[in-house]
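Comments concern the structure below.
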There are 2 protein chains.
Amino acid sequence: MNYTIKEIANLAGVTTRTLRYYDEIGLLNPAVIGDNGYRYYDQKSLMKLQQILFFRELDVPLNDIQLIVSRPDFNILQALEEHRLSLQEKALRLEKLIETIDNTMETIKGGRSMIAEDYFAGFDESQYKAEARESWGKTSKYAESQKKWASYSKEKKEAIKTEGERLTRRMVSENPAASPDDPDVQAAIGEYLAYINEYFYTCDVDSLRGLADMWVQDPRFAENYNKVRSGGAEFVREAVHIFSDRHK
Amino acid sequence: MNYTIKEIANLAGVTTRTLRYYDEIGLLNPAVIGDNGYRYYDQKSLMKLQQILFFRELDVPLNDIQLIVSRPDFNILQALEEHRLSLQEKALRLEKLIETIDNTMETIKGGRSMIAEDYFAGFDESQYKAEARESWGKTSKYAESQKKWASYSKEKKEAIKTEGERLTRRMVSENPAASPDDPDVQAAIGEYLAYINEYFYTCDVDSLRGLADMWVQDPRFAENYNKVRSGGAEFVREAVHIFSDRHK
DNA sequence: TATTGACATTGACGTAACGTTAAGGTGTAT
DNA sequence: ATACACCTTAACGTTACGTCAATGTCAATA
């Protein structure tokens, strides 16, 4: 089912201006542009917008959000779990601020005294920002890809996305007769590995193997692969295992 | 005791740039500018910065914050209590977001299903923003003064502040022989009433009377008045009561 | 006294993430 | 045809700083 821009904006509690901006920067493109020029969004758009809003809630810059959700190793369940942890930290901070209020009121009323520092307990967000970034930002792997990503133009980002989709279709192989060890499939996997290294981060054969295992679990990938071929996700996993066995 | 800009920035978890900006817009001026041109802040600055940060935490625009804390009816204890309520609302919202995460994960894993709207439960901040603004923004009294305040230049705001201080000193009266019904004191009260109406909001004699009662409780006002004259806050309350009795 | 490093100032340009306005097209009901 | 709600693009503006440059101040040290 498709949503108009106003419908999805209302569902998500954002403005249509925000959604147009996200389209403009390539963060969230509509699923379809109608003949009338209107933007239409689908269920998949909903899921992606939810992720964007969680990252936004945790003060991750939009450009960084785009990178994170674009990376081949983005795992939605893992992401949700980490959002959960970060939101819990935020809640602790709010508790701290409330405690500061109580202490301040008592001090004003003369019942206690506070040192200067205590008036601001809870305001310093740096530790929480670090927390939000921790999984995504603390590794040199991430820093590396962030630097790369930030240097790409909008057009380049678009091209990278297209290239990824093309390689994905080759890895899954639309040819029903193909088997996971098909030469073209294997070649595509090699190219996909190079693609990751080129545009995202340093990735070796073992890491790629781990990714393939993860993709079977992640509904986002599984859905894409299964569109190309029935059982596509398992096909890719098998193919990548073969590839990694041959290139160890 | 005076703090350098770096010291207070570190205490409060903000940057020196933020504090210079706040000085520039007149939101938080330093207590003293040293002979060397350096900004020095005092305990009173700390208290004001705390209030600013609470309002900022609740997404109140800086310009509005300036108005709120400048108004004659700003009461710090009342403010702290309302901040507390708003922060509690924010905490509820975080709980809601965490619940959304849990529901989403369960849905992805196949254990339940969600309607579109539920994917975004908790993101819509409008009700919480309204909450933060409720005490300050829902009354026509506030809207009126907001409109006025927003139209003033920085210089005008500064002049308004200076005028308020001048009238305050006259109301408290530096003359030790003066009594609350002194003609100059009474005249100053009349002018202060006009000042409120001109620059902030519509205020009648009864409201002014209520204000004077509130000022005795609020350490911010009491401290200012007691600097001019010992027992200055009680003096002003008495004087305003006399004024309001005569002008009912 | 000179040097060094930390910290201070002002000035000025830039930025992220939209908000707002204008002009004009689309869809639907009357 | 009309009216209203919603859509589009374009473009300017806003808020709250971040960043950089140039230069002055302070205090410790050689």
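Since this is a predicted model, take the numbers as computed values, not measurements. First the proteins, then the strands, lettered A, B, ... as listed; each starts at 1.
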Can you tell me the distance, in whole Å, between the [atom1] atom of [X] and the [atom2] atom of [N]?
X: B:Leu53; N: D:dA16; atom1: CG; atom2: P; value: 13 Å
X: B:Arg56; N: D:dA16; atom1: CZ; atom2: P; value: 10 Å
X: A:Leu19; N: C:dG19; atom1: CG; atom2: C1'; value: 14 Å
X: A:Ile52; N: C:dA17; atom1: CD1; atom2: C1'; value: 14 Å
X: A:Tyr21; N: D:dT9; atom1: OH; atom2: P; value: 16 Å
X: B:Leu27; N: D:dC17; atom1: CG; atom2: C1'; value: 13 Å
X: B:Asp59; N: D:dT14; atom1: CG; atom2: C1'; value: 16 Å
X: B:Tyr40; N: C:dC7; atom1: OH; atom2: C1'; value: 10 Å

Any N or O donor-acceptor pair under 3.5 Å from the base of C:dG25 to the side chain of A:Tyr38?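 Yes, a donor-acceptor pair under 3.5 Å.
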Closest-nucleotide mapping onto DNA chain C: is B:Arg17 or B:Glu7 further toward the 5' terminus? I mean the 5' end.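 Final value for this comparison: B:Glu7.
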Report yes if at least one side-chain N or O of [X] is closer than 4.0 Å to OP1 or OP2 of [N]; otherwise report no.
X: B:Arg20; N: C:dA12; value: no
X: A:Thr15; N: C:dG19; value: yes
X: B:Asn36; N: C:dT9; value: no
X: A:Tyr22; N: C:dA17; value: no
X: A:Thr16; N: D:dC6; value: no

Does a side-chain N-to-carboxylate-O contact under 4.0 Å join A:Asp73 and A:Arg71?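 Yes, this pair counts.
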Check for a donor-acceptor pair, side chain of A:Thr16 on one end and backbone N or O of A:Ile5 on the other, with a separation under 3.5 Å.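 Judged by distance alone, no pair lies under 3.5 Å.
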Could you check whether any side-chain N or O of B:Lys154 sits under 3.5 Å from a backbone N or O of B:Glu24, counting only pairs where one atom can act as donor and the other as acceptor?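 Answer holds: yes.
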Residue A:Ile5, side-chain atoms from C-beta onward, closest of C:dA8, D:dT25, D:dT8: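 Nearest nucleotide to the side chain: D:dT8.
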Would you mind telling me which of C:dT9, C:dA17, D:dC17 lies closest to the side-chain atoms of B:Arg39?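 Of the options given, the side chain of B:Arg39 lies nearest C:dT9.
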How are the rings of A:Tyr195 and A:Tyr199 set to each other: parallel, tilted or perpendicular (split at 30° and 60°)?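 Perpendicular.
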Parallel, tilted or perpendicular: rings of B:Trp215 and B:Tyr225 (30°, 60°):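 Perpendicular, since the angle between the ring planes exceeds 60°.
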Classify the nucleic acid contact of B:Ile25 as base, sugar-phosphate or nothing, counting any heavy atom under 4.0 Å across all strands shown.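 It contacts nothing in the nucleic acid.
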